[in-house]
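The structure appears right after this line, and notes come after that.
Every heavy atom of this structure was used, including side-chain atoms; hydrogens, water molecules and symmetry mates were not.
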Amino acid sequence: VKVLYAQADWTQMAGPSKPGSKGGSNGRTKRAMVIVDPVSSGANVAVEAQARDYKVIALWTLDLPVDFRSHVPMAAAHLRYAAEAEEQPTLEATVAELKRKAGSLEVVACICGCESGVKVADRVSEALGLRTNGTKLSDSRRNKKLQQNAVSAAGLRAVREALGTSWDDKMA
């Protein structure tokens, strides 16, 4: 959530500009944030979005097992979504499903809720023309070897790592 505060301009996107403020109706209740796989800390992001008078649309990916959808912290146990959409076999179908579920809501952001949603959040936000991390480095946000390579390429210290498909690959 701290990263979200640092990257988002809450004064432009949300009604109350101070994180944690409740605020009343700000005339923007037709605005929605899509949270892709809003479980774990992603559910906390959804709670914060609602506190800022956004409607929240959950977009569930094919990578997240259905039984994981209930894995939310106690602070988010009360969370109810304005709509829920399911990832479809293609990006075009997913975006169409999301727009259908959003109805008259204006989708103004698409944020990844947990790691399983990284690639879908990148693709959907890009397709909708929203602020995005883009798809160019999506793989390095999911694959830890690629992530460490990107860190090293940026001239930063990175952990020593090895890639393999089995423990025996690394012990040889």
Side-chain angles (χ1 to χ4, degrees), residues 1-17 19-139 141-142:
V1 175
K2 289 180 183 175
V3 171
L4 181 64
Y5 292 149
Q7 293 177 350
D9 184 350
W10 288 102
T11 62
Q12 295 296 314
M13 295 173 55
S17 60
S21 64
K22 295 296 179 187
S25 175
N26 59 13
R28 298 182 185 186
T29 56
K30 296 242 181 230
R31 299 176 89 188
M33 293 178 107
V34 174
I35 311 290
V36 182
D37 290 343
V39 298
S40 188
S41 58
N44 288 328
V45 172
V47 168
E48 291 295 324
Q50 285 183 344
R52 287 163 175 76
D53 212 15
Y54 282 92
K55 301 294 183 184
V56 174
I57 300 171
L59 175 56
W60 301 108
T61 65
L62 298 171
D63 286 347
L64 186 77
V66 173
D67 58 325
F68 279 34
R69 293 180 184 184
S70 63
H71 292 202
V72 297
M74 287 176 40
H78 68 284
L79 189 60
R80 298 294 174 260
Y81 303 110
E84 295 185 56
E86 304 284 336
E87 180 187 8
Q88 302 298 306
T90 66
L91 174 61
E92 294 77 17
T94 300
V95 169
E97 171 72 358
L98 186 57
K99 287 180 178 180
R100 186 178 73 75
K101 294 287 186 151
S104 65
L105 295 173
E106 176 192 6
V107 175
V108 297
C110 179
I111 300 172
C112 178
C114 76
E115 192 164 337
S116 59
V118 168
K119 289 183 179 183
V120 172
D122 289 349
R123 291 171 47 218
V124 168
S125 60
E126 197 172 79
L128 292 174
L130 302 171
R131 181 182 288 183
T132 182
N133 286 325
T135 54
K136 183 179 177 185
L137 297 175
S138 290
D139 287 339
R141 284 189 287 280
R142 281 295 312 265

- Interatomic distance, CZ@R52 vs CD@Q50, rounded to 0.5 Å, equals 12.0 Å
- Query: How far apart are the closest heavy atoms of I35 and G42, and which atoms are they?
  - Reply: CG2-O, 3.9 Å
Extract all donor-acceptor atom pairs below 3.5 Å that involve side chains of residues 74-86 and protein atoms in other chains or at least two apart in sequence.
unit_1	atom_1	unit_2	atom_2	d
H78	ND1	A75	O	3.3
E84	OE1	W60	NE1	2.7
E86	OE1	R69	NH2	2.7
E86	OE2	R69	NH1	3.1
E86	OE2	R69	NH2	3.3

- Task: Decide, yes or no, whether a salt bridge links E97 with R100 under the criterion of side-chain N to carboxylate O below 4.0 Å.
- Result: yes
- Task: To the nearest 0.5 Å, tell me how far Q88 CD sits from L59 CG.
- Result: 9.0 Å
- Note on the structure: Rounded to the nearest 0.5 angstrom, the NZ-NZ distance for K30 and K55 is 8.5 Å
- Which heavy atom of V72 sits nearest a heavy atom of A43, and at what distance? CG1-CB, 3.6 Å
- Which distance, rounded to the nearest 0.5 Å, do you find between the OG of S138 and the CD of E126? 7.5 Å
- Are any of the side-chain heavy atoms of C114 and L64 separated by less than 4.5 Å? yes
- Atom OG1 in T135, atom CZ in R123: separation rounded to 0.5 Å? 9.0 Å
- Kindly write out the residues that satisfy side-chain contact (heavy atoms from CB on, under 4.5 Å) with C110, not counting sequence neighbours, or none if the list is empty. V34, V36, A121, V124, S125, L130
- Message: Do D37 and V120 have side chains that approach each other closer than 4.5 Å (heavy atoms only, starting at C-beta)?
- Response: no
- Message: With rounding to the nearest 0.5 angstrom, report the NZ to CD1 distance, K99 to I57.
- Response: 12.0 Å
- Shortest non-hydrogen contact from T61 to G117? CG2-CA, 4.0 Å
- Those residues at least two apart in sequence (or on a different chain) that pass salt bridge (Lys or Arg N to Asp or Glu O under 4.0 Å) with D122 are R141
